[in-house]
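Chain identifiers are assigned alphabetically (A, B, ...) following the order of the sequence lines, protein sequences preceding nucleic acid strands; residue numbering begins at 1 within each chain.
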Amino acid sequence: MKQAIGGKKKIAAIKGTKDILPPETRKWQWVENQARELFERYGYRELRAPVFEATELFERGTGTSSDIVLKEMYTFTDKGGRSLTLRPEYTPSVVRAIIEHRLYLQPRPLRFYYIGPMFRYDKPQKGRYRQFHQIDIEVFGEKDAGIDAEIIQMAQALLTKVGVTDYRILINSVGCPRCRPPYVEKLRQAAEQVREALCPDCQRRIELNPLRLFDCKVETCRELAQEFPRITDYLCSECTEHFQQVQAYLDVFGLEYQLEPRLVRGLDYYTKTTFEFVTSALGAQDAILGGGRYDEMMKLFGGPDLCGIGFAVGLERLLSLVTYQPSEAPFIFVAYLGEPAKQAAMKLVATLREVGMECWLEYKERSLRNQLSRANKLGATWTLIIGEDEVKSGRFNLKNMASGEQQEYTSAELLAYFRDYLHSKKSPS
RNA sequence: GUGAGCGUAGCUCAACUGGUUAGAGCACUGGACUGUGGAUCCAGAGGUUGGGGGUUCGAGACCCCUCGCUCACCCCA
């Protein structure tokens, strides 16, 4: 009724989603390629899972007490009456795929990576979107602390590769099903003692998630939290030993890191090692990369007793720290005059493209001056000029737009020239 | 979900304290200029001032609602 009167309704991208436009897409492609190249070197292979899954997968995997499942999932019913959810994170999908395809029968450890969109119904702000992108890596079947250190080292190598230096590495251990529950109870009791002095948020945390008590920003809470028991003092011997080994191996790599007992992370399934890379350049959403170990998840889904560890990089957050802007490939603008020249141009352009050159040909009739002006504006590296004379003689003028120099070539010579050019670009020296 | 700030052309911004037909720069298109680009000049196109309602003789401006954006809380990548 309302919109019928006004006519056109504006259709815009959904809240919290974004179009990624050229030339910004170049930067995305570049970072994604850097990641793929790096991960492959560590033996990781891409595993692509669907963007939506049965809702139950995340309820069981991510955990029903996590905020993600509690209030951030894009859940809908399809026409067959199934409850489906756009994935809010990737790990449960990988676990599902491993079990479904019996991938655990392959030689271990299994190493996978994936780059793609995730969905969370959150209120958007800087560095936080409803559709966002993650680079995700997972390792299954390696319980040695060496792998914990290795993936942190790999994460650091990725940041270095894309030129990001402003970050700190935080690590912690959240224990296992044996030692964490008793600790949480201790923590709860300690907090209960000073309940009245804590802020309302923290008072709620005592019941909801005591581990988050350490995360409060209120000064008095922070001071009180100093006196609370720390998980690292309550880890069982296995977890303690693992945590110490992780640190020792990180030292082997020469990595600098901070122990951060407050680092609990929001997913229910973490065990032992958790870590985060944080930056000071992003405002409130300062985590660019986060991960940890989840040794119980595979069992939870009825799979084998196979431990897991992994991390996710927030691409939007990472990209906002990447300053490198890849340059566009050099290309040829083809200018022609008259119908016979147009046809010769179309034919020549097809062959040049086959050789591997980027060529632009426009079909609107313009003067040569006008075409050169456009070539200049569009940033052409060369302009190839084809007029009546050139069609007759079979020799074309190739103009270098930077120097203004111009030289004649036959079409065979042109192809040879650009073949050489492409070859020399691929293997410089 | 809670709170704050902001919405004028594709972009960056004007428009006095509420007063005529909402302007400029950049960008875009065309022309001067039909065989040689970058400059200059001229012209054109582009807006329901996010949307709806109200106050007023009169609203881009004031009030209410709504939508969107931004930032923060919460949480996380």
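- Here the separation of A59(B) from U21(B), taken at their C1' atoms, is 16 Å to the nearest Å.
- The nucleotide whose nearest atom lies closest to any side-chain atom of Y121(A) is, among G1(B), G35(B), U70(B), G1(B).
- In this structure, the side chain of Y183(A) engages the main chain of P229(A) through a donor-acceptor pair within 3.5 Å.
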Please step through ring-ring contact (aromatic ring centres under 6.0 Å, His included) for the pair Y324(A) and W30(A), ending with a clear verdict.
CA-CA 9 Å; Y324(A) 175 70; W30(A) 181 75; 4.4 Å; yes
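- Among the heavy atoms of the strands lying under 4.0 Å from G404(A) is at least one base atom, whether or not backbone atoms are also near.
- In this structure, A9(B) makes no Watson-Crick or G-U wobble pair, since no nucleotide meets both defining distances under 3.5 angstrom.
- Between K126(A) and A72(B) there is no side-chain polar atom (N or O) within less than 4.0 angstrom of OP1 or OP2.
- Rounded to an integer number of Å, the gap from CZ of R395(A) to P of G35(B) is 23 Å.
- The existence of a salt bridge linking R45(A) and E40(A) is confirmed by a sub-4.0 Å separation between a basic side-chain nitrogen and an acidic carboxylate oxygen.
- K377(A) comes within contact range of the sugar-phosphate backbone alone, with a heavy-atom separation under 4.0 Å but no base atom that close.
- A straight line from CD1 of I137(A) to C1' of A77(B) spans 14 Å, rounded to a whole angstrom.
- Counting any heavy atom pair closer than 4.0 Å across all strands shown, I385(A) reaches a base atom.
- A pairwise comparison of heavy atoms in P326(A) and R26(A) identifies CG-O, 3.9 Å as the closest pair.
- Between the side chain of Q406(A) and the base of U36(B), at least one donor-acceptor pair of N or O atoms lies under 3.5 Å.
- Closest-nucleotide positions on RNA chain B for E316(A) and G283(A) were compared, and the one nearer the 5' end corresponds to G283(A).
- For R366(A), a side-chain nitrogen or oxygen approaches OP1 or OP2 of G30(B) to under 4.0 Å.
- Using a 4.0 Å cut-off, some side-chain N or O of R369(A) falls inside it from OP1 or OP2 of G37(B).
- Taking atom P on both G37(B) and G47(B), the two are 34 Å apart, rounded to the nearest angstrom.
- Distances from the side chain of K71(A) to the nucleotides C74(B), U36(B), U34(B) place C74(B) closest.
- Nucleotide G35(B) forms no Watson-Crick or G-U wobble pair with any nucleotide shown, as no partner meets the under 3.5 Å limit on both distances.
- Counting only heavy atoms from C-beta outward, the side chains of Y129(A) and T17(A) never approach each other to under 4.5 Å.
- The pairing partner recorded for G3(B) is C71(B), the criterion being a Watson-Crick or G-U wobble arrangement whose two distances lie under 3.5 angstrom.
- The nearest whole Å value for the distance from the CG atom in L384(A) to the P atom in G35(B) is 18 Å.
- Each of A13(A) and R130(A) was matched to the nucleotide of RNA chain B holding its nearest heavy atom; the match closer to the 5' end belongs to A13(A).
- R128(A) contributes a side-chain N or O that forms a donor-acceptor pair with the base of C75(B) under 3.5 Å.
- Taking 4.0 angstrom as the limit, Q285(A) places none of its side-chain polar atoms (N or O) nearer than this to OP1 or OP2 of A77(B).
- Among the heavy atoms of the strands lying under 4.0 Å from I288(A) are primed sugar atoms or P, OP1, OP2 only; no base atom is included.
- Put simply, NZ on K15(A) is 8 Å from C1' on C69(B), counting in whole angstrom units.
- Nucleotide U21(B): unpaired (no Watson-Crick or G-U wobble partner with both distances less than 3.5 Å).
- For F311(A) and A77(B), the CZ to P distance is 13 Å, given to the nearest whole Å.
- Remark: G44(B) base-pairs with C28(B). Criterion, Watson-Crick or G-U wobble with two distances under 3.5 Å.
- No contact: Q371(A) has no heavy atom under 4.0 Å from any strand.
- Remark: P of A77(B) and CG of L263(A) are 10 Å apart, rounded to the nearest angstrom.
- E390(A) comes within 4.0 angstrom of a base, heavy atoms only.
- Using P as the reference atom, G31(B) and G38(B) are 15 Å apart when rounded to the nearest Å.
- Within the 6.0 Å centre-distance limit, the rings of Y417(A) and Y409(A) are counted as a close aromatic pair.
- Atom NZ of K186(A) has 12 or fewer heavy atoms from other residues, nucleotides or ligands within 6.0 Å.
- Between K123(A) and C69(B) there is no side-chain N or O to OP1 or OP2 distance below 4.0 Å.
- In summary, the aromatic rings of F39(A) and Y113(A) are positioned with their centroids under 6.0 Å apart.
- Between F333(A) atom CZ and G35(B) atom P the separation is 16 Å, expressed in whole Å.
- Under the Watson-Crick or G-U wobble criterion, with both distances below 3.5 Å, C62(B) is paired with G54(B).
- Atom name C1', nucleotides G3(B) and G50(B): the rounded distance is 22 Å, in whole Å.
- Nucleotides U2(B) and C63(B) are separated by 23 Å at their P atoms, to the nearest Å.
- Side chain to side chain, E89(A) and T62(A) meet the donor-acceptor criterion of an N or O pair below 3.5 Å.
- The C1' atoms of C75(B) and A24(B) are separated by 45 Å, rounded to the nearest whole Å.
- In terms of phosphate contacts, K399(A) brings no side-chain nitrogen or oxygen within less than 4.0 Å of OP1 or OP2 of G38(B).
- Comparing G60(B) with G51(B), their P atoms are spaced 11 Å from each other, to the whole Å.
- Rounded to an integer number of Å, the gap from NZ of K364(A) to P of U34(B) is 13 Å.
- Within 4.0 Å of G338(A), counting heavy atoms only, lies no atom of the nucleic acid at all.
- For N376(A), no side-chain nitrogen or oxygen approaches OP1 or OP2 of A39(B) to under 4.0 Å.
- Within the nucleic acid shown, N370(A) comes within 4.0 Å of sugar-phosphate atoms alone, with no base atom in reach, counting heavy atoms only.
- Between C28(B) and G23(B), the distance separating the two P atoms is 24 Å to the nearest Å.
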